[in-house]
Amino acid sequence: MSSLFFSTLREDPVEAEVPSHILLLRGGYIRRCAPGIYSFLPLGWRVHAKIEAIVREEMDLIAQEIHLPALLPREPYELSNRWTEYGDEIFRLKDRKGNDMLLGPTHEEIFTLLVKDVCSSYRQFPLSLYQIQWKYRDEARPRAGVLRGREFLMKDSYSFDLDDEGLAASYAAHRAAYMRIFDRLGLDYVAVHAHSGAMGGSASEEFLCPSEVGEDRFVTCPKCGYASNLEAAEVPGSTTGAPMVEVPPAQVVDTPGAGTIDSVVACLETHHPRGDRPWRAGDTLKNLALMVRSPSGDETPLIVGIPGDRELDQRRLEAHLYPATFRPMSDEDFSAHPELVKGYIGPRAAGIRYLLDAMVQPGSSWVTGANQPDRHVVGLVVGRDFEPDGSVLAADVREGDPCPRCRGELRMQRGIELGHIFALGRKFAAALGLAVLDQEGKPVTVTMGSYGIGISRIVAVLAEKNHDDAGLVWPRRVAPADLHVLVAGRSDGATSEAAQRLAAECSARGLTVLLDDRPGLSAGERFGDADLLGMPTIVVCGRGVARGLVETKDRATGERSEIALDEAAGRLESLVSQRR
RNA sequence: CGGGGAGUAGCGCAGCUUGGUUAGCGCGCCUGCUUUGGGAGCAGGAGGCCGCGGGUUCAAAUCCCGCCUCCCCGACCA
């Protein structure tokens with residue numbers, strides 16, 4: 001360690017907030033170069049390499065490794081339309097001739113073109129390729145060190161099949177490989193349903209590691225195991241043949257000045273109390289007036305109805321409307337649609353397209369706008385009094401909501417996205433003209449899958465999941481070294497000699513050793529750094545050396561034991577190999 | 001993009017309200033001696049474009065204007 005390129009920090013750096021970020025900086029694993037861009041020092045790079053090796057081993061069983069450039073030309077992304085669609089997130093640059101270039105945010109296009117270049121016959125399929133490559137995304141807000149950087153290392157793979165069954169098999173193979181990888185890394189994970197969104201395609205799952213510092217929220221059902229991110233979470237279907245609620249015909253009531261959910265509830269409570277219980281926000285149907293913008297730029301109005309006690313979940317609605325986008329109606333939009341009575345909008349206002357959230361079940365009765373100033377309707381029944389143009393998932397999902405599969409109570413958690421698998425289908429192959437000849441000599445468009453694992457992010461996730469107050473606690477499989485040997489107590493020459501000899505013996509047996517031979521440090525500093533750096537086993541050469549003993553400490557459990565110096569190397573070797 | 005906070009030595013900070021010697025403290029760093037099982041002691045030393053630009057003033061880290069950057073929360077994000 002006297003020559004190891006690193007230095008520890010005694011105090012928490014201001015730039016870091018989450019534990020993994022703080023500890024990786026303090027331990028000298030990483031250093032910030034620019035916002036969201038990090039340098040890896042030797043210790044950090046070794047962890048990185050260990051993770052990479054595990055990923056590579058498992059990927060080699062199902063795919064072939066290749067390596068594509070990170071610096072890419074514009075054209076392929078133009079063809080797939082992502083030069084535009086990706087927006088500000090792409091790092092763009094120009095070469096000296098003025099040609100547009102980019103730093104690859106993901107490589108679907110380039111893989112597709114490469115396969116197109118190399119393959120022309122059905123005989124060359126199925127095919128799966130992968131690379132481990134730096135990716136660049138100009139994130140609006142990078143956070144938490146390498147947990148979400150603007151440059152990050154990613155294993156990305158792509159499968160190419162001729163038919164849907166083949167794609168399903170490739171998808172399943174990746175899914176299984178991912179589970180093996182995360183198991184070997186000792187990471188908890190949940191495979192959640194995800195929306196394929198901008199990537200297009202059908203099936204998509206995210207592998208999330210539950211963590212408070214995670215940016216993704218997801219729901220799980222403890223009863224049946226259903227798991228989904230919020231964007232894709234479903235809502236229980238209507239109970240079949242549910243009888244229409246026995247309510248009197250819908251009645252229009254005056255609700256002057258009640259243009260918000262709260263004021264409607266208050267107004268009804270005063271003037272039209274219901275007999276059984278007070279009115280609640282959940283009795284109302286909130287109708288949101290939106291403008292939907294298609295990719296071609298046309299804007300059309302849309303009204304979405306959600307329960308009055310819920311908020312619109314922008315991402316869920318966006319996923320539903322994709323590739324169109326939406327925004328709330330502005331005052332100008334309302335002026336352009338005078339038939340809409342702001343604050344009193346009801347279903348089917350003036351023939352504007354009306355979508356109803358799936359939580360609003362057929363046969364249920366609601367209070368909602370009457371499409372007239374200062375008036376609401378009470379007892380409006382879905383399916384009896386009006387039919388929506390369609391159903392959407394737009395209202396926010398909450399802890400305790402019923403599970404769509406078994407109606408158990410959903411639990412909400414945060415998680416960090418470790419990996420994501422997509423069954424893409426033919427979107428990219430079609431856009432880029434990847435078709436090969438089948439057995440009858442006819443061209444078929446290839447169907448693809450794309451699969452990613454964030455390797456540099458996993459360095460942070462492992463740190464996040466494996467630390468205590470004193471520092472990092474690396475699992476053996478990814479620790480930068482097997483042993484941390486340090487000298488404590490009087491450095492009378494004998495102890496430090498013993499430490500050096502022990503380190504050399506262990507290295508000769510194939511163990512990696514971090515030897516703290518830094519001059520002039522107090523014992524406390526050495527112990528402190530050993531705990532901070534987090535090697536799984538710490539070996540203390542101290543006052544015991546005089547009696548031929550050294551002490552081992554298990555970083556994770558804190559368990560200490562004394563072993564004879566003569567047999568220490570052998571004992572440590574078996575300790576390391578049996579627990580690796 | 002919205003909200004909040006911050007830029008002073010390698011790191012963490014004080015000083016700014018109320019302008020005024022040579023800009024300070026802790027840690028780290030260098031030299032020497034002492035010390036040595038949980039972040040040592042003494043002595044000496046190096047290290048600053050006080051974010052940038054302009055303004056006010058006899059005088060600006062401090063007051064005024066403009067800009068830049070970073071961090072956090074939210075929005076957004078395969």
Side-chain angles (χ1 to χ4, degrees), chain A residues 7-18 21-22 25-26 28 31-37 80 82 85-90 104-109 135-145 148-150 152 154-158 194-201 204-207 213 215-216 229 231 312-315 318-319 325 327 417-422 424 428 449-454 457 470-471 486-493 495-496 518-532 538 540-546 549-551 553 558 560 562:
Chain A
S7 82
T8 55
L9 303 175
R10 187 168 292 191
E11 293 171 276
D12 290 350
V14 267
E15 73 193 63
E17 206 83 344
V18 309
H21 190 195
I22 292 172
L25 284 169
R26 281 192 51 206
R31 280 293 134 94
R32 196 184 74 110
C33 177
I37 302 177
S80 67
R82 291 210 290 190
E85 274 183 19
Y86 239 104
D88 291 338
E89 203 129 303
I90 294 187
T106 172
H107 280 78
E108 279 77 8
E109 289 83 351
K135 305 288 181 184
Y136 298 85
R137 294 185 194 169
D138 194 359
E139 299 275 357
R141 187 156 90 86
R143 342 174 18 243
R148 174 161 158 193
R150 297 196 294 168
F152 55 98
M154 173 163 143
K155 184 290 300 175
D156 53 325
S157 41
Y158 304 85
H195 207 278
S196 36
M199 300 291 278
S204 165
E205 286 167 281
E206 289 174 346
F207 289 84
V213 305
E215 303 182 89
D216 297 292
N229 70 13
E231 204 173 278
L312 178 72
D313 184 326
Q314 215 170 311
R315 300 176 65 175
E318 237 157 40
T325 56
R327 59 180 175 82
E417 186 176 357
L418 302 170
H420 200 153
I421 55 180
F422 290 93
L424 289 179
F428 287 94
S450 116
Y451 318 89
I453 291 181
R457 167 176 288 179
L486 66 85
V487 180
R490 254 198 133 67
S491 59
D492 51 7
T495 38
S496 58
R518 292 174 296 173
L521 294 190
S522 70
E525 287 170 296
R526 292 183 203 280
F527 281 115
D529 276 355
D531 288 341
L532 173 62
I538 296 165
V540 184
C541 295
R543 58 195 169 204
V545 169
L549 296 173
V550 293
E551 185 178 295
K553 174 183 163 186
R560 293 158 192 260
E562 290 207 308

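We name chains A, B, ... by the order of the sequence lines, and we start the count at 1 in each one. Not measured: the values here are computed from a predicted model.
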key: hbond_proxy A:R141 side chain to B:C77 base (donor-acceptor, 3.5 Å cutoff)   = no
Nearest-0.5 Å distance that lies between atom [atom1] in [X] and atom [atom2] in [Y]:
| X | Y | atom1 | atom2 | answer |
| --- | --- | --- | --- | --- |
| A:E417 | A:E215 | CD | CD | 9.5 Å |
| A:N229 | A:E206 | CG | CD | 4.5 Å |
| A:T495 | A:R543 | OG1 | CZ | 12.5 Å |

Side-chain contact, heavy-atom cut-off 4.5 Å: [X] with [Y]?
| X | Y | value |
| --- | --- | --- |
| A:R143 | A:V18 | yes |
| A:V540 | A:R560 | no |
| A:I453 | A:F207 | no |

Figure out the [atom1]/[atom2] separation between [X] and [N], and round it to whole Å.
| X | N | atom1 | atom2 | result |
| --- | --- | --- | --- | --- |
| A:E525 | B:G39 | CD | C1' | 5 Å |
| A:N229 | B:C76 | CG | P | 13 Å |
| A:I22 | B:G12 | CD1 | P | 12 Å |
| A:F422 | B:C77 | CZ | P | 12 Å |
| A:R543 | B:U35 | CZ | C1' | 16 Å |
| A:E89 | B:A75 | CD | C1' | 13 Å |
| A:H21 | B:C11 | NE2 | P | 14 Å |
| A:E417 | B:C77 | CD | C1' | 10 Å |

Please give the nucleotide sitting opposite [N] as a Watson-Crick or G-U wobble pair, both distances under 3.5 Å, or none.
| N | answer |
| --- | --- |
| B:C11 | B:G26 |
| B:G74 | B:C1 |
| B:U17 | none |
| B:C42 | B:G32 |
| B:C52 | B:G66 |

Give one of base, sugar-phosphate or nothing for [X], where a contact means two heavy atoms less than 4.0 Å apart.
| X | answer |
| --- | --- |
| A:Y451 | nothing |
| A:G544 | base |
| A:R560 | base |
| A:D156 | nothing |

Could you tell me how far [M] sits from [N] if I compare only their [atom1] atoms? Round to whole Å.
| N | M | atom1 | result |
| --- | --- | --- | --- |
| B:G24 | B:G47 | P | 13 Å |
| B:G44 | B:A61 | P | 30 Å |
| B:A23 | B:G37 | P | 42 Å |
| B:U69 | B:G51 | C1' | 7 Å |
| B:A9 | B:A46 | C1' | 11 Å |
| B:G15 | B:U62 | C1' | 9 Å |
| B:G28 | B:G20 | P | 32 Å |
| B:A59 | B:U18 | C1' | 16 Å |

Taking the side chain of [X] as its heavy atoms from C-beta onward, which of [options] lies nearest to it?
| X | options | answer |
| --- | --- | --- |
| A:V540 | B:G39, B:C70, B:G37 | B:G37 |
| A:S522 | B:A75, B:G38, B:A40 | B:A40 |
| A:R32 | B:G28, B:G38, B:C70 | B:C70 |
| A:E17 | B:C72, B:C76, B:G38 | B:C72 |
| A:R26 | B:G37, B:G39, B:C76 | B:G39 |

request  = Would you please say whether a donor-acceptor pair under 3.5 Å links the side chains of A:D138 and A:Y136?
outcome  = no
note = Taking for A:G419 and for A:R143 the nucleotide of RNA chain B with the nearest heavy atom, the one nearer the 5' end belongs to A:R143
remark   = By nearest-nucleotide position on RNA chain B, the 5'-leaning member of A:E139 and A:E551 is A:E551
